[in-house]
Amino acid sequence: MFAYRSNLANHTMSSESPLTISQRAMAQPLGLSAVAGEFPWMLDLNERQRQAVETLDGPVLVLSGAGTGKTKVLTSRLAQLLVTGRAKPWEILAVTFTNKAAREMRERTQRLIGPVGEGLRWLGTFHSTSAMILRQHAELVGLKPSFTILDTDDQIRLLKQVIESEGLDQKRWTPRFLASLIEGWKNRALTPDKVPTDQAFLFANGKGAKLYALYQARLKILNCVDFGDLLLETISLFLNQADVLNQYQTRFKFILVDEYQDTNVAQYLWLRLLAQQHKNLCVVGDDDQSIYGWRGAEVDNILRFEHDFPGATIVRLERNYRSTPHILAAASHLISSNKNRLGKTLWTKMPDGERVLVRGLWDGEAEARLIADDIEQWRRSGRRYGEGAVLVRASWQMRAFEERFLMLQIPYRVIGGPRFFERAEIRDAHAYFRLVRSLDDDLAFERIVNVPKRGIGDTSVQRLSAAARLAGVPLVTMAKDLLGSDELKGQARTGLTRFINQLEHWRKKALELPHTELAEMILDESGYTDMLKADKNPQSVSRLDNLKELVRSMGLFDTLAAYLEHIELVMDLDRAEAGDGVQILTLHAAKGLEWPLVFLPGWEEEVFPSKRALDEKGDKALEEERRLAYVGLTRARESARISFAANRQIYGRWASVLPSRFIDELPDGHVDAVSDTGYFTQAIGAAEARFNAYGPLSTPPGDGFNAGYESPGWKRAQAAHALKKGGLTAAKGFGGPIVDGEAKLVAKTGAGDAKYKLGQRIFHDKFGYGLVAHVEGSKLTIAFEKSGEKKVIDSFVRLA
DNA sequence: CTTGCCTCAAGACTT
DNA sequence: TTGAGGCAAG
């Protein structure tokens, strides 16, 4: 389907016998010698992995914990299926969620058995696989095979029209909100007629389902689908056309699914339909790493697998090859607080290494300073920047680190962020290309008719689209008609005439010129590049670069059409990975990755776990947050360093924050709680316990401030001391080897002596004067005179 | 039609 | 605090 030159172009598999394949596999330079009757990749597997690879028949659930060799199992299984001749490459359906995962699986399989991997036509994402099926049978669901796959932008604009056409106030009922509702419904495989009433009432007083139906109708008229439709239309194709379903059920003798814990209801149905005949469905996943519930993923799918597919074999991969025992223990203990899980026990043969560090700081700035210093030190010890990563809960947290790294000239990379193909300039360029490809692409027309400015404003476009809809013709056609009459005047008329003429001109050129040259011509003649060159905005330089990059990447494809088809679905051209740098990314984006050194900042209540999760009733959301913490910890190979601040600027306001409950849930024996300010509850409990048990050895050097950790006034004194010295001073001093595994880290929040009483007047350095309104151990609620009620920790206030 | 000011909201993000 | 989007003035 995709004319991606480097990949699928020349597979010749169909003529090869299994024997040839296997011989070729054996001939691969694997650096392993094959034992009689064994395939080389088998030698590389542990017992459980082997079982997962060899259990080819019937439903199989492979529960693969973090770092247990999931991809190795998947690829070995593919190799096994092919080389034993159990299946031809085209009889295997292998689905992933991301293109990246699909690519990796293909490449690694090819590494095992050579170019046979290229014949795996049905290795792809849920969406690309669906698109392939749907293009084959488009007419059966009311589409033309050339249907366009809409991106979010187009979708929103379409919804905006639908909402307007119903005479609704789109400030009150935003297209964005409707889009998210529809996405949710599609995730649950709900067609407009199946949307429950209460759900429909979430939008415009019950009009939700109607608007959804209108939107679907518009899509069909435009010969478009959105991402959700790819699955949904395929499902309805299967349900309504028994012969088509049967054809695919018969073809796919074996089905493999990656990241099964992330599947939604629609994907579950899709899989179940396809697996019905042969029932050779192998799913791989980890319930403890299900972190996409908000995107429609149903953890229940994996929890219920055994029930849904009776007789399933369950294989637990528990040997971890990534992290040290301390890191694993911390992660395992943390996740054991979740109730809804199948349960696994990760273990490793790695040497102990350092404990998980937990550090408390005065504010976010101090946290960024500390982490930057750590990284410098890591670097000075001969390691690379690229071995370190900062994993945050929310992207707003990234800025503090970027600023600090910039200041210290530490190279860094932000992973995620606006992706290449979501940038405005790229979408604009695509809109031009799409319009040249087919003049009736109204959404593309609307996007760029006035970009760059041609004097065709909203009013003119409105009038144009009203007339076009009335006449039932595409916008370009209507525009030509309108120009024939004298409806439009002045600038709008001149601009539109010129634009239409240019379109015709480019369409002619499209027949003669190579597509990359055409692209350059369009960008130049339309005035788009000039617009960017004239733009004073400093970003416009990089926008121009992006366009150059775009034209270059088009060269990978044979034709403009091939390029556009690929791009609509894949949207995934890797940005050039630039050299050595610390990586900053969200916890979500970190899933599946690993680094020797991992920083986990911002472990504070309402930040992580997030306020939203805490506000939600029930513990579903909280459990997902905990899984996120688990994902974070298990990214670390050698060192995991958690930190939290007492004060943080959130949305420009100072807020006083409390340490995350997840810190309470870490097992004492595997954690070093390092207190610099001495203020924080949990860690202070630990610090005290540790210092008690450990005596003077753990004492920070110098300053004579370390006697009497047991004394009741210690915390306050230490805090005051730290404040006087301007924050964290002795971070490293408290570290050192800690032998006492018994000491209780978990001085539960709220335990301990209250040092303040209700009604006392106190002073806080950041918030000023206030009265004690509530006391819960060392957590105080203070009614501040200036800033209202806030929760703070007692060591940060003193009697006024 | 474009420009600039004001208000409002603010989670993670792939296909 | 930042940014996106709406609205009034030029």
Side-chain angles (χ1 to χ4, degrees), chain A residues 95-102 124-131 149-152 155-156 160 169-171 174-177 179-180 183 186-187 225-232 234 258-259 262-264 266-267 290-297 364 391-400 403 415-419 421-422 424 450 452-462 489-492 494-495 566-572 585-592 602 606-616 621 624-625 627-629 631-632 648-655:
Chain A
V95 275
T96 62
F97 277 84
T98 64
N99 294 298
K100 193 174 156 217
T125 63
F126 278 101
H127 292 88
S128 67
T129 309
S130 296
I149 301 161
L150 291 191
D151 65 21
T152 323
Q155 207 185 335
I156 298 283
K160 199 169 172 178
D169 177 9
Q170 47 164 316
K171 261 169 283 170
T174 65
R176 211 158 264 291
F177 180 51
S180 68
E183 193 190 340
K186 288 184 176 174
N187 284 339
V225 294
D226 63 22
F227 281 112
D229 286 335
L230 288 173
L231 284 153
L232 218 49
T234 307
D258 189 19
E259 307 275 20
D262 288 338
T263 50
N264 61 34
Q267 286 151 346
S290 165
I291 55 175
Y292 283 112
W294 50 274
R295 210 164 74 183
L391 312 186
V392 296
R393 176 64 182 84
S395 41
W396 58 260
Q397 295 170 270
M398 292 178 177
R399 211 170 69 204
E403 281 169 5
I415 316 271
R419 281 165 312 148
F421 286 102
E422 275 163 16
N450 203 30
K453 305 255 187 297
R454 297 188 174 88
I456 309 161
D458 276 351
T459 338
S460 311
V461 175
Q462 290 288 319
K489 298 193 178 61
Q491 270 199 313
T494 339
H566 182 257
I567 242 52
E568 279 165 359
L569 193 57
V570 175
M571 298 289 260
D572 172 48
L585 60 163
T586 62
L587 286 162
H588 281 93
K591 194 173 79 166
E606 309 216 324
V607 175
F608 186 39
S610 72
K611 182 159 167 38
R612 282 196 180 194
L614 291 173
D615 287 346
E616 243 161 78
E624 186 157 313
E625 295 281 308
R627 291 195 290 265
L628 206 44
V631 167
R648 198 174 281 284
Q649 234 178 341
I650 300 175
Y651 302 140
R653 297 187 162 280
W654 277 102

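Heavy-atom basis, side chains included; hydrogens, waters and symmetry copies ignored.
Counting any heavy atom pair closer than 4.0 Å across all strands shown, Glu183(A) reaches a base atom. Counting non-hydrogen atoms under 4.0 angstrom, Glu625(A) reaches a base of the nucleic acid.
Side-chain nitrogen and oxygen atoms of Thr125(A) include none within less than 4.0 Å of the OP1 or OP2 phosphate oxygen of dT14(B). In this structure, Thr459(A) reaches the dC1(B) phosphate: one of its side-chain N or O atoms is under 4.0 Å from OP1 or OP2. The phosphate of dC13(B) (OP1 or OP2) has a side-chain N or O of Thr586(A) nearer than 4.0 angstrom.
Rounding to whole angstrom units, CG of residue Asp151(A) and P of dT14(B) are separated by 14 Å. Rounded to whole Å, atom P of dT15(B) lies 9 Å from atom NE2 of His127(A). As rounded to whole Å, 21 Å separates atom P of dA12(B) from atom CG of Asn264(A). Going from atom CZ of Phe97(A) over to atom C1' of dC13(B) covers 13 Å, rounded to whole Å. If you take CH2 of Trp396(A) and C1' of dT1(C), they are 12 Å apart, rounded to a whole angstrom. Spacing between atom CD of Glu616(A) and atom C1' of dA12(B) amounts to 13 Å, rounded to whole angstrom units. A straight line from CD of Glu259(A) to P of dC13(B) spans 15 Å, rounded to a whole angstrom. We find that CD of Gln155(A) is positioned 18 Å from P of dC13(B), with the value rounded to whole Å.
The residue among Glu624(A) and Ser460(A) whose nearest nucleotide of DNA chain B is located toward the 5' end is Ser460(A). Checking Gly228(A) against Trp294(A), the closest nucleotide of DNA chain B that is more toward the 5' end is the one next to Trp294(A).
Nearest nucleotide to the side chain of Tyr651(A), out of dC13(B), dT1(C), dT15(B): dT1(C). Closest approach to the Ala589(A) side chain among dT1(C), dC13(B), dC1(B) is made by dC13(B) (side chain taken as heavy atoms from C-beta onward). Among dT15(B), dA12(B), dT1(C), the nucleotide with an atom closest to any side-chain atom of Ala394(A) is dA12(B).
Annotated stems with DNA chain B as a participant read B:1-10 with C:1-10, given as range with range, by first number; only runs of 3 or more Watson-Crick or G-U pairs under 3.5 Å qualify.
Between Glu616(A) and Arg612(A) there is no salt bridge, since no side-chain N of the basic residue sits under 4.0 Å from a carboxylate O of the acidic one. Under 4.0 Å is where a charged nitrogen must lie from a carboxylate oxygen, and between Glu183(A) and Lys186(A) no such pair does.
In terms of the side-chain hydrogen bond (donor to acceptor under 3.5 Å, both in side chains) criterion, residue partners of Arg648(A) (sequence neighbours excluded) are, by chain and number, Glu367(A), Glu604(A). The side-chain hydrogen bond (donor to acceptor under 3.5 Å, both in side chains) search around Asn187(A) returns Asn264(A), not counting sequence neighbours. Scored by the side-chain hydrogen bond (donor to acceptor under 3.5 Å, both in side chains) test, Thr586(A) finds no partners at all (sequence neighbours excluded).
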Please write out each protein N/O paired with an N/O of nucleotides 2-8 of chain B under 3.5 Å, distance rounded to 0.1 Å.
none

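Partner of Ser130(A) under the side chain to side chain contact (heavy atoms under 4.5 Å, CB included) criterion, out of Thr125(A), Asp229(A), Val95(A), Leu230(A): Leu230(A) alone.
Rounding to the nearest 0.5 Å places CD1 of Ile650(A) at 8.0 Å from CD of Glu606(A). Taking CG from Asp226(A) and CG from Leu232(A), the interatomic distance works out to 9.0 Å, rounded to the nearest 0.5 Å. If you take NE2 on His127(A) and CZ on Phe227(A), they are separated by 7.0 Å, rounding to the nearest 0.5 Å. Here the NZ atom belonging to Lys591(A) is positioned 13.5 Å from the CG atom belonging to Leu585(A), to the nearest 0.5 angstrom.
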How does protein reach along nucleotides 2-10 of chain C, written 5' to 3' as B (base within reach of a heavy atom under 4.0 Å), S (only sugar-phosphate), or - (no contact)? S----S---

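Under a cutoff of 6.0 Å and an axis angle of 45°, Arg295(A) and Tyr292(A) form a cation-pi pair.
In terms of modelled atom types and a separation under 3.5 Å, the side chain of Glu625(A) and the main chain of Ala613(A) share no donor-acceptor contact. Under the 3.5 Å distance criterion, the side-chain polar atoms of Gln397(A) are matched with a main-chain donor or acceptor of Ala394(A).
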